[in-house]
Amino acid sequence: MSDRREKRPSDAAGTAAAPVAKRAREPAASAFPTYKDAPDLAPKIRLLCEILASSASDVGAALDDADVRVTTSDVEQVLRFSYAHPRGAAAFFRWAGHRHLRHQHSPYSWNLVIDLLGKNRLFDPMWDTVASMRSQGLLSLATFASVFSSLAANPASYPLKAFVEMPRYGMDRDTPALNSLLSALCRASRLDDARAAIPVARAEAGTRPDADSYAILLEGCEAAGDAAVAREVFDEMVRAIGFDPANVPAYDSFLTTLVSSGSSRGLSDAMEYLAVLRRYRCSPGEKFLRAALAAHLEARELRSAVVLWDDFVNRRGSSQIRKCTAQ
């Protein structure tokens, strides 16, 4: 991994724009899986993990003293169980490449290093590793998915900036990359940032959202329980891409959000939107059906529950019914 220091997409240049962002706590080591959680781990892998966990002052010397040879598979296993010791893991990665693998690590090993550094908020070393991967032609969308996820988990970081600057690393700012960014932001409960990313991506890179983009945003609305924003996103989606019978996940999350909103009109609003979808031969999925049936029964609207059930049977068939009732 390179020692040079470039200006990073996550650096303080972005933080001045939002001084109110809260500083996140450092991730607890207990939040990461360790070799102690894997009782059937091979003795060699356990030994290597113990060396990294020992906080030895010279990891390379300690590994040399262990006198073990490692393979690509060994490196991948050790890295997977060494998230709680990111500096030791990075030192092990360098040592294994130099001593045993002729610096020919697998893309998966590289991505693990990116991920464990990012999850520990060691962003400068993370970006150094991204630069090293680029020099070897190993960067992929999976790499940036990890970068987006780590940056999104830190309220003081700006994953959208990383997306905008992807061409610096020879990567396309295409729709799959945008969707990876949106997914990371929504998983981190940064729904407003995810919504803001779409016009920026369109203006900066000409990147257009697709059905998956809006499904991700609507799933974020569902997780946040925000029916008002869900309505706005739904309207934006219809204006941008229209109605699409294949876009079931988006409709499922949207209507489920309305039903589960706690509003006295949540169920009736959902049924009105359902009628609109039907006119365009579109339909939600089983998640909405379960939520709507439960809401009808709770409101003692048995006839409405039966009508909804019968309509679902007619449209989806008995196989879908079995799937729904089994969950």
Side-chain angles (χ1 to χ4, degrees), residues 6-22 24 114 118 123 126-127 130-131 133-134 139-224 226-244 246-247 249-251 253-254 257:
E6 297 178 290
K7 184 178 178 183
R8 313 299 184 191
S10 59
D11 277 347
T15 60
V20 297
K22 295 180 180 178
I114 294 284
F123 295 127
M126 179 190 77
W127 284 114
V130 171
M133 289 185 72
R134 183 195 179 187
L139 283 178
S140 67
L141 181 54
T143 308
F144 271 85
S146 173
V147 169
F148 295 150
S149 178
S150 295
L151 294 176
N154 179 21
S157 294
Y158 292 84
L160 176 56
K161 191 174 188 332
F163 171 84
V164 169
E165 298 192 2
M166 286 178 72
R168 290 176 56 188
Y169 299 93
M171 297 292 294
D172 293 331
R173 299 175 296 189
D174 54 15
T175 301
L178 172 62
N179 290 345
S180 180
L181 170 66
L182 298 178
S183 182
L185 287 166
C186 287
R187 286 198 307 271
S189 301
R190 295 174 63 171
L191 179 59
D192 289 344
D193 289 341
R195 291 187 68 195
I198 287 182
V200 173
R202 185 183 286 116
E204 292 282 343
T207 308
R208 294 187 173 275
D210 62 5
D212 287 341
S213 309
Y214 289 105
I216 291 166
L217 290 180
L218 287 167
E219 288 168 3
C221 293
E222 181 187 355
D226 197 328
V229 172
R231 288 186 179 89
E232 294 176 5
V233 172
F234 180 83
D235 291 342
E236 292 169 7
M237 176 180 70
V238 171
R239 288 195 299 270
I241 64 173
F243 290 93
D244 179 1
N247 199 11
Y251 306 138
S253 287
F254 174 54
T257 302

Which heavy atom of Ile198 sits nearest a heavy atom of Tyr214, and at what distance?
CD1-CE2, 4.4 Å

Give a yes or no answer on whether the side chain of Ser180 reaches the backbone of Pro176 with a donor-acceptor pair at less than 3.5 Å.
no

Which of these, Leu181, Leu178, Asp193, sits in a side chain to side chain contact (heavy atoms under 4.5 Å, CB included) with Leu160?
Leu181

Can you tell if the side chain of Pro209 reaches within under 4.5 Å of the side chain of Arg202, non-hydrogen atoms only?
yes

Side chains of Glu219 and Pro249: closer than 4.5 Å at any heavy-atom pair?
yes

Can you tell me how far the CZ atom of Arg208 sits from the CG atom of Asp174, to the nearest 0.5 Å?
14.5 Å

Shortest non-hydrogen contact from Ser157 to Phe123?
OG-CE1, 3.5 Å

Check Ala188 against Ala152 and note the closest heavy-atom contact, atom names and distance.
CB-O, 3.4 Å

Check Glu204 against Val164 and note the closest heavy-atom contact, atom names and distance.
OE1-CG1, 4.1 Å

Side-chain heavy-atom pair Arg173, Phe144 within 4.5 angstrom cut-off
no

Audit row: Met171, Thr143, side-chain contact (heavy atoms from CB on, under 4.5 Å) steps and yes/no
CA-CA 10 Å; Met171 297 292 294; Thr143 308; over 6 Å; no

Side-chain contact, heavy-atom cut-off 4.5 Å: Phe254 with Thr257?
no

Heavy-atom side-chain contact between Ile114 and Met133 under 4.5 Å:
yes

Quick one: closest heavy-atom pair of Tyr251 and Phe243, and the distance?
OH-CA, 3.6 Å

Going by heavy atoms in the side chains, are Val147 and Pro159 under 4.5 Å from each other?
no

How about Phe148 and Leu185: do any of their side-chain heavy atoms sit closer than 4.5 Å?
no

What do the steps show when you test Phe163 against Thr207 for side-chain contact (heavy atoms from CB on, under 4.5 Å), and what is the final call?
CA-CA 11 Å; Phe163 171 84; Thr207 308; 4.1 Å; yes

Determine, stepwise, if the pair Ile241 / Asp210 fulfils side-chain contact (heavy atoms from CB on, under 4.5 Å).
CA-CA 7 Å; Ile241 64 173; Asp210 62 5; 5.8 Å; no

Distance check, rounded to the nearest 0.5 Å: Asp212 atom CG versus Leu217 atom CG?
11.0 Å

How close do Leu218 and Ala250 get, counting heavy atoms only, and between which atoms?
CD1-O, 3.5 Å

Could you tell me whether a side-chain N or O of Ser149 sits under 3.5 Å from a main-chain N or O of Ala145, the two making a donor and an acceptor?
no

Rounded to the nearest 0.5 Å, what's the gap from CH2 on Trp127 to CZ on Arg134? Could you check?
12.0 Å

